[in-house]
Amino acid sequence: MSPPSRRLQTKPVITCLKTFLISYSLIFWFTGVILLAVGVWGKVSLEAYFSLSSEESTNAPYVLIGTGAIIIIFGLFGCFATCRGSPWMLKLYAMFLTLVFLAELVAGVSGFIFRHEIKAKLGIAYKKAVLSYNNSDSSSSSAVDAIQRTLHCCGVNNFTDWNETEYFKENGIPVSCCEATAKCTPEILKDLDKAKTEVYNMGCFKQVTYVMESNLGIIAGISFGIAFFQLIGIFLSCCLSRYITNNQYEMV
């Protein structure tokens with residue numbers, strides 16, 4: 001057992017570490033709230049884009065929501081473990097932070113490496129959704145309409161892409177392509193030359209990929225920032241646990 005004088009010297013160090021770790025845990029908890037908010041925002045705002053791709057892509061917002069919720073819980077656990085001064089709880093907290101660090105690092109790197117593959121798959125999915133518009137999958141058709149209205153675009157590369165679809169032969173270009181719906185009569189929508197001045201001329205693929213890449217950049221930046229932030233918590237948790245164990249310090 002260490003002498004009382006040494007214990008008195010180490011008490012301020014432990015108190016300081018405790019203060020820093022509680023502050024860190026509160027910030028860590030807040031990052032969980034941010035991830036949860038980003039996940040909810042992604043589910044609500046980007047649902048149209050996700051519905052064009054495979055089922056795996058639609059899970060992305062739920063992953064963020066789940067991760068955010070877990071971080072919120074463990075952020076509170078970190079505060080509790082620090083206040084209790086329990087070495088095993090602090091080690092468990094450090095272990096969790098390590099797992100979060102590795103998971104977020106792998107996710108961020110994977111998203112960066114496979115961004116071109118994601119872009120290519122999105123292009124194929126969007127073209128397929130345009131060709132099958134109002135034929136088989138109503139959800140993808142609704143997604144196409146939502147994208148065209150929101151991003152002010154038409155078709156894959158431009159509005160003439162609709163000429164290749166079965167829908168165009170019967171109905172012409174979808175109304176969602178119109179700059180002003182009141183001016184788009186069925187006669188105009190069935191004539192590409194007349195429709196040119198009434199519909200959006202820019203294709204949607206370029207617009208969609210721009211929006212997706214912008215949001216992926218934001219999400220990747222947040223993920224990397226939070227990932228490296230875990231190193232501070234791991235260091236503080238391990239140091240505090242070691243000081244408490246070595247000096248047999250009991251938190252009152």
If I take atom [atom1] from residue [X] and atom [atom2] from residue [Y], how far apart are they, to the nearest 0.5 angstrom?
X	Y	atom1	atom2	answer
Glu179	Cys154	CD	SG	10.0 Å
Thr160	Asp193	OG1	CG	11.0 Å
Ile234	Leu97	CD1	CG	5.5 Å
Arg242	Leu17	CZ	CG	12.0 Å
Ile71	Gln230	CD1	CD	6.0 Å
Gln148	Tyr133	CD	OH	7.0 Å

Check [X] against [Y] and note the closest heavy-atom contact, atom names and distance.
X	Y	value
Cys238	Ala94	SG-CB, 4.0 Å
Phe159	Leu192	CE1-O, 3.6 Å
Tyr93	Ser25	OH-OG, 3.1 Å
Leu21	Ser237	CD1-OG, 3.7 Å
Ser176	Tyr200	O-CE1, 4.0 Å
Cys79	Ile22	SG-O, 4.2 Å

Would you indicate whether the side-chain heavy atoms of [Y] and [X] approach each other to under 4.5 Å?
X	Y	result
Phe20	Ile232	no
Leu76	Phe80	no
Leu189	Asn171	no
Ile244	Leu90	yes

task = Answer yes if the ring centres of Tyr24 and Phe229 are under 6.0 angstrom apart, and no otherwise.
result =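 Under 6.0 Å, so yes.
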Take atom [atom1] of [X] as the centre, draw a 6.0 Å sphere, and report whether it contains more than 12 heavy atoms from other residues, nucleotides or ligands.
X	atom1	result
Phe77	CZ	yes
Met89	CE	yes
Phe101	CZ	yes

Establish whether [X] and [Y] are linked, either directly or via other cluster members, by ILVMFWY side-chain heavy-atom contacts under 4.5 Å.
X	Y	value
Val144	Val175	yes
Leu92	Leu99	no
Ile188	Ile173	no
Ile73	Ile27	no
Leu36	Trp29	yes

message = Using a strict SG to SG cutoff of under 2.5 Å, would you count Cys153 and Cys204 as disulfide-linked?
response = yes
request  = Go through Asn158 and Asn201 one step at a time and tell me if the side chain to side chain contact (heavy atoms under 4.5 Å, CB included) criterion holds.
outcome  = CA-CA 6 Å; Asn158 55 60; Asn201 292 163; 6.0 Å; no
key: Tyr167 side chain to Ser141 side chain, donor-acceptor N/O pair below 3.5 angstrom   = no
ask   = Quick one: does Thr209's side chain have a donor or acceptor within less than 3.5 Å of a partner on Lys206's backbone?
value =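 Here the side-chain-to-backbone pair exists.
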task = Applying disulfide bond (SG atoms under 2.5 Å apart), run through Cys184 and Cys178 and close with a yes or a no.
result = CA-CA 6 Å; Cys184 287; Cys178 296; 2.1 Å; yes
